Number of protein chains: 2
Amino acid sequence: MKLSTRGRYAVTAMFDIALHHDKGPVSLADISERQGISLAYLEQLFPLLRGRGLVKSTRGPGGGYSLAVDSEEIAIADVIDAVEESLDATRCGGSADCQNHQRCLTHDLWEGLSGQIRSHLSGISLAQAVSNAHVREVSSRQEHRMNRVEVI
Amino acid sequence: MKLSTRGRYAVTAMFDIALHHDKGPVSLADISERQGISLAYLEQLFPLLRGRGLVKSTRGPGGGYSLAVDSEEIAIADVIDAVEESLDATRCGGSADCQNHQRCLTHDLWEGLSGQIRSHLSGISLAQAVSNAHVREVSSRQEHRMNRVEVI
DNA sequence: AAATAACCGAGTAAATCACTCAGGTATATA
DNA sequence: TATATACCTGAGTGATTTACTCGGTTATTT
């Protein structure tokens, strides 16, 4: 099973863009500051998201990243898939040669679990996730903090 | 998220016991041979399973491990819980202080995922999992291999 | 021209993982 | 009582992965 901070960071960053893309492209520096993720680390992640056609980039001042497609069209699973090797609970990655080139005793069990996770995360769009009450609340708090920082 | 070979091995070993416990306690040496898991590694795992009241041990010749309760009463989640630190998709482990001592933007999302996984694995008993057709097939193949080894 | 911000590849410290080793202790059988 | 079996315990280790950094380049706006 692969679901590390890498995937979590990618989803968080996509949340941030979805919440701010009305004001044009969102720079990685802004995401870094708001979400507390190192800029260099984000720079490593975003080419992967772009490669999957989830975001598009604009260079130069005022540039940044924006969603390549509507947030309803992006599933959480897509984001994780983009940055994480494989979202799979089986050991063999579905190839079913777990033990001695045979499907291991427990293969079906992990396959079932993988399917469960996958369908759950495929069923949640970025738009849905972001519309969550708590997300909006935290987001507005981050807005205020940002403003305060700018004032000081 | 924590689901490594550790948890997989534990489940596989429990499968093995469930499939053979009619012939009395199952030794770790047998499990090791049948399932291709290092004996020393199993010895590390089983005290944890015993601590959770999933298996009981009998020492001495002819000894080994047997199920402490009926296989219908053991959920796959119990087995994984016993050997794996936490089966949780959130970063903070549910404590909700993910970022700056606040629930992070994506907290609810990971919490939802954790719940999904947990309820899935809690809903499958060892008995159910073992009754799977493929499991029985592989198991009988292992039986034959064991016999052949003994003959040679 | 200068500032901004995406792009790119290599490198690294720390943690985790799977696994081993070297013993010790209880119990059944001869 | 001796011996073999099999559980029990704790410490150690090599390899891999992880999160993260650094130094620099290229494109675009003002």
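Reckoned from all heavy atoms, side chains included, excluding hydrogens, waters and symmetry mates. So you know, we letter chains A, B, ... as the sequences are listed, proteins then strands, and number each from 1. From a predicted model like this one, the values you see are computed outputs, not experimental measurements.
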Item to check | Nearest listed nucleotide, side chain of A/Pro61, among C/dA6, C/dT27, C/dA3 | outcome: C/dA3
Item to check | Phosphate OP1/OP2 of C/dC17 contacted by B/Tyr41 side-chain N/O (<4.0 Å) | outcome: no
Item to check | Criterion side-chain hydrogen bond (donor to acceptor under 3.5 Å, both in side chains) on A/Ser4 and A/Glu84, from CA distance to verdict | outcome: CA-CA 8 Å; A/Ser4 49; A/Glu84 214 100 52; 2.3 Å; yes
Next on the checklist: Run B/Asp30 and B/Lys23 through salt bridge (charged side-chain N to carboxylate O under 4.0 Å, His left out) and show every step you take.
Outcome noted: CA-CA 13 Å; B/Asp30 282 358; B/Lys23 302 151 203 154; over 6 Å; no
Checklist entry - Between B/Trp110 and B/Ser114, is a side-chain hydrogen bond (donor to acceptor under 3.5 Å, both in side chains) present by the stated rule, with each step listed? => result CA-CA 6 Å; B/Trp110 310 128; B/Ser114 297; over 6 Å; no
Checklist entry - How long is the line joining CD of B/Glu43 and P of D/dT5, in whole Å? => result 15 Å
Checklist entry - B/Tyr65 OH to D/dT5 C1': how many Å, rounded? => result 14 Å
Next on the checklist: Nearest to the side chain of B/Ala40, heavy atoms from C-beta on, is which of D/dT5, C/dT20, D/dA6?
Outcome noted: C/dT20
Checklist entry - Rounded to whole angstrom units, what separation is found between the CG atom of B/Leu39 and the C1' atom of D/dC8? => result 12 Å
Can you give the donor-acceptor pairs under 3.5 Å from side chains of residues 57-68 of chain A to other protein atoms, not counting sequence neighbours?
from    : atom 1 : to      : atom 2 : distance (Å)
A/Thr58 : OG1    : A/Gly64 : O      : 3.3

Next on the checklist: With a cut-off of less than 4.0 Å, is there a side-chain N or O of B/Ser38 near OP1 or OP2 of C/dT20?
Outcome noted: yes
Donor-acceptor list for residues 37-47 of chain A side chains, cut-off 3.5 Å, not counting sequence neighbours:
from    : atom 1 : to      : atom 2 : distance (Å)
A/Ser38 : OG     : A/Ala40 : N      : 3.4
A/Ser38 : OG     : A/Tyr41 : N      : 3.0

Next on the checklist: What verdict does the side-chain hydrogen bond (donor to acceptor under 3.5 Å, both in side chains) test give for B/Gln116 and B/His120, after you've listed the backbone C-alpha separation in whole Å, the side-chain angles of each residue and the deciding distance to 0.1 Å?
Outcome noted: CA-CA 6 Å; B/Gln116 190 76 14; B/His120 181 245; over 6 Å; no
Checklist entry - Can you check the A/Glu33 CD to C/dA5 C1' distance for me, whole Å? => result 15 Å
Checklist outcome for this item: Taking for B/Gly62 and for A/Ile37 the nucleotide of DNA chain D with the nearest heavy atom, the one nearer the 5' end belongs to B/Gly62
Checklist entry - Going by number, which of residues 44-60 of chain A have a non-hydrogen atom under 4.0 Å from DNA chain C? => result A/Gln44, A/Arg50, A/Ser57, A/Thr58, A/Arg59, A/Gly60
